[in-house]
Amino acid sequence: MNLKTSLPVGLLALGVITLVATLTFSASPLASQNKLGQIFQPDNNEIVDLGKQIYADNCASCHGVNLEGKTPNWRSLGPDGKLPAPPHDQSGHTWHHTDELLFNITKYGLKKAANLKNYKSEMPIYDGILSDNEIIAVLSFIKSTWPEEIQEHHDQMNAANASLK
């Protein structure tokens, strides 16, 4: 490799390292909510691209490659007494929850995030598996796929929730 080819490769590697460091070492995402209660960054292509890869590696096997969920009957208990993985596309209910709740469900599980005593789920708890910023990247990717009007509605929910604090 000569200087002409090694310089762009080196700059690319530096850019990736900077992005990973920024995502990994920034302050707590809940502390960094903007005044409208938003944590997710569906307009940030770098974060969305990272989230898409993390989703493919960690979430798609249950929630579907195209965010379609495990089964069309995701609202009905399966034979194991658990609800199947819901879709995260516009047909699901993900966009009915604020950024903060979605983050907490992903990190701590629905049982803890929503204080449900007897809830059974196959959903892994990602605390200790994914960093806070990786969780935000995944959720930013998911939100980026929703139609504009659903994203706007979701933003309004975040703002309403933030005004209550």
Side-chain angles (χ1 to χ4, degrees), residues 15-16 19-20 22-24 26-78 82-116 119 121-127 129-165:
V16 169
L19 173 64
V20 170
T22 300
L23 289 172
T24 304
S26 62
S28 167
L30 299 181
S32 65
Q33 286 181 15
N34 68 21
K35 65 182 177 183
L36 299 176
Q38 296 167 333
I39 303 169
F40 308 157
Q41 300 178 43
D43 298 326
N44 184 321
N45 292 335
E46 290 177 4
I47 290 175
V48 168
D49 289 345
L50 176 63
K52 184 176 184 178
Q53 183 59 53
I54 296 167
Y55 178 89
D57 294 343
N58 293 275
C59 314
S61 62
C62 292
H63 291 282
V65 174
N66 297 310
L67 309 159
E68 72 276 12
K70 194 171 227 173
T71 174
N73 298 323
W74 58 273
R75 293 177 192 234
S76 300
L77 293 177
K82 299 175 185 174
L83 288 171
H88 288 311
D89 62 12
Q90 67 200 39
S91 72
H93 70 279
T94 307
W95 58 272
H96 292 93
H97 304 296
T98 64
D99 286 7
E100 183 175 3
L101 181 57
L102 292 171
F103 175 85
N104 286 333
I105 289 169
T106 307
K107 183 169 182 169
Y108 303 113
L110 184 59
K111 184 175 182 176
K112 183 175 179 180
N115 198 25
L116 302 172
Y119 186 79
S121 175
E122 293 178 2
M123 172 81 175
I125 294 171
Y126 281 96
D127 188 20
I129 296 171
L130 297 177
S131 72
D132 290 355
N133 289 311
E134 288 172 323
I135 293 170
I136 289 170
V138 169
L139 295 167
S140 295
F141 158 66
I142 290 169
K143 183 171 181 173
S144 76
T145 68
W146 301 336
E148 187 175 329
E149 64 273 6
I150 289 179
Q151 288 190 45
E152 288 172 6
H153 174 77
H154 190 251
D155 290 343
Q156 291 168 359
M157 276 190 345
N158 283 320
N161 186 57
S163 72
L164 298 174
K165 294 181 178 185

Which pair of heavy atoms, one from [X] and one from [Y], lies closest together, and at what distance?
X    : Y    : value
M123 : S121 : N-OG, 2.9 Å
E134 : I129 : OE1-O, 4.3 Å
L102 : H97  : CD1-O, 3.5 Å
I150 : Q90  : CD1-CB, 3.5 Å
T71  : P84  : CG2-CG, 3.5 Å
V138 : Y55  : CG2-N, 3.9 Å

Please report the interatomic distance [atom1]([X]) to [atom2]([Y]), rounded to the nearest 0.5 Å.
X    : Y    : atom1 : atom2 : answer
I105 : L110 : CD1   : CG    : 5.0 Å
D127 : T106 : CG    : OG1   : 11.5 Å
L139 : F103 : CG    : CZ    : 8.5 Å
I39  : I135 : CD1   : CD1   : 10.5 Å
T94  : H88  : OG1   : NE2   : 4.5 Å
T98  : N161 : OG1   : CG    : 4.5 Å

E149 CD: over 12 foreign heavy atoms closer than 6.0 Å: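 It does: E149 CD has more than 12 such atoms within range.
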
NZ/K112: more than 12 non-hydrogen atoms of other groups inside 6.0 Å: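 Atom NZ in K112 is not packed in, count stays at 12 or less.
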
Between D57 and Q53: side-chain donor-acceptor atoms closer than 3.5 Å: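 Short answer, yes.
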
Side-chain donor-acceptor pair under 3.5 Å between H154 and K143, yes or no?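 The criterion, which ignores hydrogens and geometry beyond distance, is satisfied for K143 and H154.
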
Could you tell me whether the side chain of [Y] reaches within less than 4.5 Å of the side chain of [X], counting heavy atoms only?
X    : Y   : result
N66  : D89 : no
D155 : F40 : no
S140 : I47 : yes
W74  : L83 : no

Taking ring-ring contact (aromatic ring centres under 6.0 Å, His included) as the definition, give me every residue that meets it alongside H153, ordered by chain and number, with sequence neighbours left out.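 ring-ring contact (aromatic ring centres under 6.0 Å, His included) check on H153 returns W95.
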
Report yes or no: does N58 contribute a side-chain atom to a donor-acceptor pair with the main-chain N or O of I54 at less than 3.5 Å?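 The answer is yes, because a donor-acceptor pair under 3.5 Å joins these two groups.
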
If we ignore hydrogens and angles and just use 3.5 Å, is the side chain of H63 paired with the main-chain N or O of P86 as donor and acceptor?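 Yes, the answer is positive, given that a donor and an acceptor are paired below the 3.5 Å cut-off.
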
